[in-house]
Amino acid sequence: MGNPVFWRELAGDNPDELVLAIDFDATGRPDARFTDLVGNMGPGFTVWETVAQSMASEPGTDGQEYVARWAEEIRATGRRVGAVLGFCVGSVYATALADHVETWQSERPRTVFFDPEQASPLSMYWQYRKVIELMSPALSAAEVAEAEDAGQRAYEDAESLAGLGSELLEQFDRLGEVAFGRMGLDAERRAELSHTFTGFISYLSASADIDPVAGWRQGAAISSGTPTSGLNALRATAPGADKEAVAEEIRFATQHTELLRDPEVARAVSGLLLRAGV
C-alpha cells in the first residue's frame, strides 16, 4: 500500500507488528501527546497514530465511519496489530478498532486506555469555553460574555452531542470571523484553526455512536491523579464502579495533561505490551 492517509508513524522499530494509538492531536496542543509517550518507551515498537487533520469535519458523522477508515488502512498493510492505545475519548474508539482487528487476525490486540472516558455535553461545552478563552485577547469583554452565554444556552438546551456540536460550531464561526480578523490571520491560518476545532467537535460527537463498556472490561487503564479525569471521575460519581470498568488499572499521581509525558507511565506501558508478547 502507499503512504497511509489516516495514520502517521511515530516509531518504526518493528517491521512486522503495529501498535496503534488513537487521539486527536493538533498543532499547538499544550497537553502531552503520544509522541511524548513513544519517546520514553524505548526501542522495539512500531507505533502509528491517527491523523486528526484527515478526520471528518462535520458533526453527525457516525463513529463507526472513523473506525472503518482506520481499520481499512491497517488491514491493507498485512501486519499484525499487537496493541491499540487510546487517550481520553480515544479510548472509546480504541475498543471498536480492536473489535475490527480481532475479526481478521483471530485474536484481540492488547488494549490500553489512558484516562478513558466518554464524551459528554459538559466536556464538549468546556472545550468550547477553552477556545473562547484563547480568542479572548482579540475580543471585548462584552463579546466574550455574549459568546459564553450563547454556549451555556446551547449546552442547557442540547438534546444530543451532535446537536450541541452544531450549535457550538455556529457560535465559533461567528466569533472566529471577528477575532481572527483582529489578530491579522491570513485565510490559510483561519481555515486551519476552523478545520481543527470543527474536526475535534466531530470527533467528540461521533464517539457517542460507540458503546465502549464491554471493550474497556478487556483492557488496562492508565489513570492520572486528576480527580475529574477518566476512572477518577467514575469513582467520584459511582463509588466501586471503577473496579468493574477495566480488567486492570495502574494509577499515577501525574496530572491528566502530563500523563503521556511521564517516563514512569511509558515504562508501565512498555511492560504491559511486552507481557502481551508485543
Side-chain angles (χ1 to χ4, degrees), residues 4 6-14 17-55 66 70 74 81-95 97-98 109-117 119 123 126-127 130-131 134 192-193 196-197 199-200 203-204 207 219-233 246 248-276 278:
F6 302 116
W7 298 91
R8 64 179 181 132
E9 186 173 276
L10 304 184
D13 292 338
N14 187 335
E17 189 170 68
L18 295 171
V19 174
L20 306 176
I22 304 177
D23 189 18
F24 192 96
D25 191 5
T27 302
R29 163 176 157 168
D31 297 0
R33 51 191 66 184
F34 276 116
T35 51
D36 299 308
L37 178 79
V38 170
N40 288 322
M41 283 176 60
F45 303 103
T46 289
V47 183
W48 285 16
E49 181 185 35
T50 46
V51 177
Q53 290 79 0
S54 68
M55 296 176 184
Y66 285 110
W70 297 335
I74 295 304
V81 178
V84 183
L85 319 179
F87 178 73
C88 198
V89 173
S91 298
V92 174
Y93 289 108
T95 64
L97 183 58
R110 184 69 157 112
T111 47
V112 183
F113 314 119
F114 300 81
D115 273 347
E117 58 188 44
S123 63
W126 277 112
Q127 293 299 329
K130 286 165 65 174
V131 169
L134 290 173
E192 178 186 353
L193 292 173
T196 296
F197 185 66
F200 185 49
Y203 172 81
L204 295 178
S207 71
I222 304 291
S223 294
S224 71
T226 300
T228 55
S229 295
L231 298 185
N232 296 323
V246 293
E248 177 182 2
E249 181 184 13
I250 306 174
R251 300 169 69 174
F252 293 87
T254 308
Q255 292 301 294
H256 174 76
T257 55
E258 295 297 309
L259 190 61
L260 296 179
R261 193 175 285 127
D262 188 327
E264 291 299 321
V265 170
R267 278 191 280 274
V269 173
S270 294
L272 287 171
L273 299 187
L274 290 172
R275 287 201 301 275
V278 179

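Because only heavy atoms are used, hydrogens play no part in the values below, and waters and symmetry mates are left out as well, while side chains stay in.
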Go through the structure and list residues passing side-chain contact (heavy atoms from CB on, under 4.5 Å) with Ser224, not counting sequence neighbours. Asp115, Thr226, Ser229, Asn232, His256, Leu259
May I have all residue pairs that pass salt bridge (Lys or Arg N to Asp or Glu O under 4.0 Å) and include part of residues 39-48, sequence neighbours excluded? none
Can you name the side-chain contact (heavy atoms from CB on, under 4.5 Å) partners of Thr257, sequence neighbours left out? Asp31, Gln255
Closest heavy-atom pair and its distance - Ala221, Leu231: CB-CD1, 3.8 Å
Those residues at least two apart in sequence (or on a different chain) that pass ring-ring contact (aromatic ring centres under 6.0 Å, His included) with Phe114 are Phe34
Side chain to side chain, Trp70 and Ile22, heavy atoms closer than 4.5 Å: yes
Sequence neighbours excluded, which residues qualify as side-chain hydrogen bond (donor to acceptor under 3.5 Å, both in side chains) partners of Arg110? Glu248
For Thr95, give me all partners under side-chain hydrogen bond (donor to acceptor under 3.5 Å, both in side chains), at least two apart in sequence or on another chain. none
With Ser270 via side-chain hydrogen bond (donor to acceptor under 3.5 Å, both in side chains) - residues at least two apart: none
Does any non-hydrogen side-chain atom of Ile250 lie less than 4.5 Å from one of Phe252? yes
Hey, are the side chains of Val19 and Val38 touching, using non-hydrogen atoms and a 4.5 Å cut-off? no
Please work out whether the ring planes of Phe24 and Phe200 are parallel, tilted or perpendicular, with thresholds of 30° and 60°. tilted
Mind checking what makes side-chain contact (heavy atoms from CB on, under 4.5 Å) contact with Asp13, not counting sequence neighbours? Pro43
Set of residues satisfying side-chain contact (heavy atoms from CB on, under 4.5 Å) with respect to Glu9, sequence neighbours excluded: Thr46, Trp48
ring-ring contact (aromatic ring centres under 6.0 Å, His included) partners of Phe45, counting only residues at least two apart: none
Could I get the full list of salt bridge (Lys or Arg N to Asp or Glu O under 4.0 Å) partners for Arg261, not counting sequence neighbours? Asp36, Glu258
side-chain hydrogen bond (donor to acceptor under 3.5 Å, both in side chains) partners of Arg267, counting only residues at least two apart: Glu264
